[in-house]
Amino acid sequence: GNSVTQMEGPVTLSEEAFLTINCTYTATGYPSLFWYVQYPGEGLQLLLKATKADDKGSNKGFEATYRKETTSFHLEKGSVQVSDSAVYFCALSINDYKLSFGAGTTVTVRA
Amino acid sequence: GAGVSQSPSNKVTEKGKDVELRCDPISGHTALYWYRQSLGQGLEFLIYFQGNSAPDKSGLPSDRFSAERTGGSVSTLTIQRTQQEDSAVYLCASSLALAGGLGEQFFGPGTRLTVL
């Protein structure tokens, strides 16, 4: 089946620190890969995506590269801010409509 | 513009009662999805609608769960004879149907269901 494994949290960082959240996947076929973010009190929203191998998704200073050889889609940001505190979900989709999510990683950034 | 809305935002019910959860998608979005977010299972897909039809309802956990969509717009998720394991946040999302496939899924704020 299709599944996503992401690093467990919680992760606590200081402002301007480097953030990496690891995500690996198992899929039959060629999935599209996503990172969703859930800010406190808000709904899930798409952060970035990549639809084929070696694609890099980027948004709001976050980046992730679709690595087929390692079946990974790690999320990185070079300098986090307090406003980046949120829960981050890695997800994949094979058939264009059904998203399979990882367990989520809670990130807290301290001033 | 208005996003996906869900009601109620919170629902507390007693075991064995039926509940209805409502989703209003973004206007013009023909695709609609239900997911469930629970402590034990994480975020799980439940069902997908294209218009009023549900091509994939494979994620519905049991026959106590059903969903319908009318007028290509509002959707209702019904849980009959609720059990404590049904306690979760139920999320609805909607998206456009584009020439190349389905567009980004926009999520609502969710309905938190607590079964006592």
Side-chain angles (χ1 to χ4, degrees), chain A residues 1-10 21 23-52 55 57-60 62 64 73 86-106, chain B residues 2-7 9-10 23-26 29-51 53-60 69 75 88-112:
Chain A
N2 304 316
S3 66
V4 174
T5 302
Q6 62 182 101
M7 65 183 274
E8 292 187 16
I21 305 176
C23 170
T24 56
Y25 67 89
T26 303
T28 52
Y30 301 98
S32 294
L33 301 174
F34 307 83
W35 277 99
Y36 278 81
V37 60
Q38 190 168 32
Y39 297 104
E42 297 185 18
L44 266 176
Q45 53 187 275
L46 180 65
L47 180 60
L48 54 84
K49 69 176 185 181
T51 57
K52 61 183 188 297
D55 268 3
S58 61
N59 186 24
K60 298 183 180 181
F62 289 89
F73 192 55
V87 183
Y88 293 82
F89 294 89
C90 186
L92 69 79
S93 176
I94 287 288
N95 53 18
D96 197 32
Y97 62 83
K98 180 193 261 186
L99 289 167
S100 297
F101 288 90
T105 302
T106 300
Chain B
V4 177
S5 60
Q6 294 185 245
S7 61
S9 54
N10 275 286
C23 172
D24 280 274
I26 293 172
H29 281 195
T30 58
L32 186 146
Y33 318 79
W34 284 97
Y35 293 84
R36 178 168 75 169
Q37 187 173 20
S38 60
L39 279 177
Q41 303 297 323
L43 256 164
E44 310 168 272
F45 167 86
L46 298 178
I47 188 169
Y48 153 62
F49 285 93
Q50 182 58 258
S53 301
D56 189 343
K57 50 179 99 172
S58 63
L60 294 178
R69 190 178 184 197
S75 176
V89 176
Y90 289 83
L91 297 174
C92 177
S94 70
S95 72
L96 289 168
L98 306 172
L102 295 170
E104 175 187 343
Q105 294 186 28
F106 292 84
F107 284 81
T111 293
R112 181 175 296 278

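Please read all numbers here as calculations on a predicted model, not as lab measurements. Reminder, nothing fancy here: chain letters follow the sequence lines and each chain counts from 1.
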Of the backbone (N, CA, C, O) and the side chain (C-beta and beyond), which part of [X] lies under 4.5 Å from a heavy atom of chain A, both, or neither?
X      : result
B/Y48  : side chain
B/E104 : side chain
B/Q37  : side chain
B/L91  : side chain
B/S58  : side chain

Checklist entry - What residues of residues 23-31 of chain A sit under 4.5 Å from chain B when only non-hydrogen atoms are counted? => result none

Checklist entry - By salt bridge (charged side-chain N to carboxylate O under 4.0 Å, His left out), which residues pair with B/R69, not counting sequence neighbours? => result none

Item to check | Partner of B/C92 by side chain to side chain contact (heavy atoms under 4.5 Å, CB included), out of B/Y33, B/W34, B/F106, B/F107 | outcome: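 Going through the options one by one, the only one that passes is B/W34.
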
Are the side chain of [X] and the backbone of [Y] linked by a donor-acceptor contact shorter than 3.5 Å?
X      : Y      : answer
B/S38  : B/A88  : no
B/Q6   : B/G110 : yes
B/Q105 : A/L99  : no

Side-chain contact test, heavy atoms from C-beta onward, threshold under 4.5 Å: evaluate it for [X] versus [Y] and give yes or no.
X     : Y     : result
B/C23 : B/V4  : yes
A/F73 : A/L48 : yes
B/F45 : B/D56 : yes

Checklist entry - Between CD1 of B/I47 and OH of B/Y35, what distance do you get to the nearest 0.5 Å? => result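 Answer rounded to 0.5 Å: 12.0 Å.
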
Item to check | Heavy-atom contact with chain B under 4.5 Å, split by part of A/Y36 | outcome: side chain

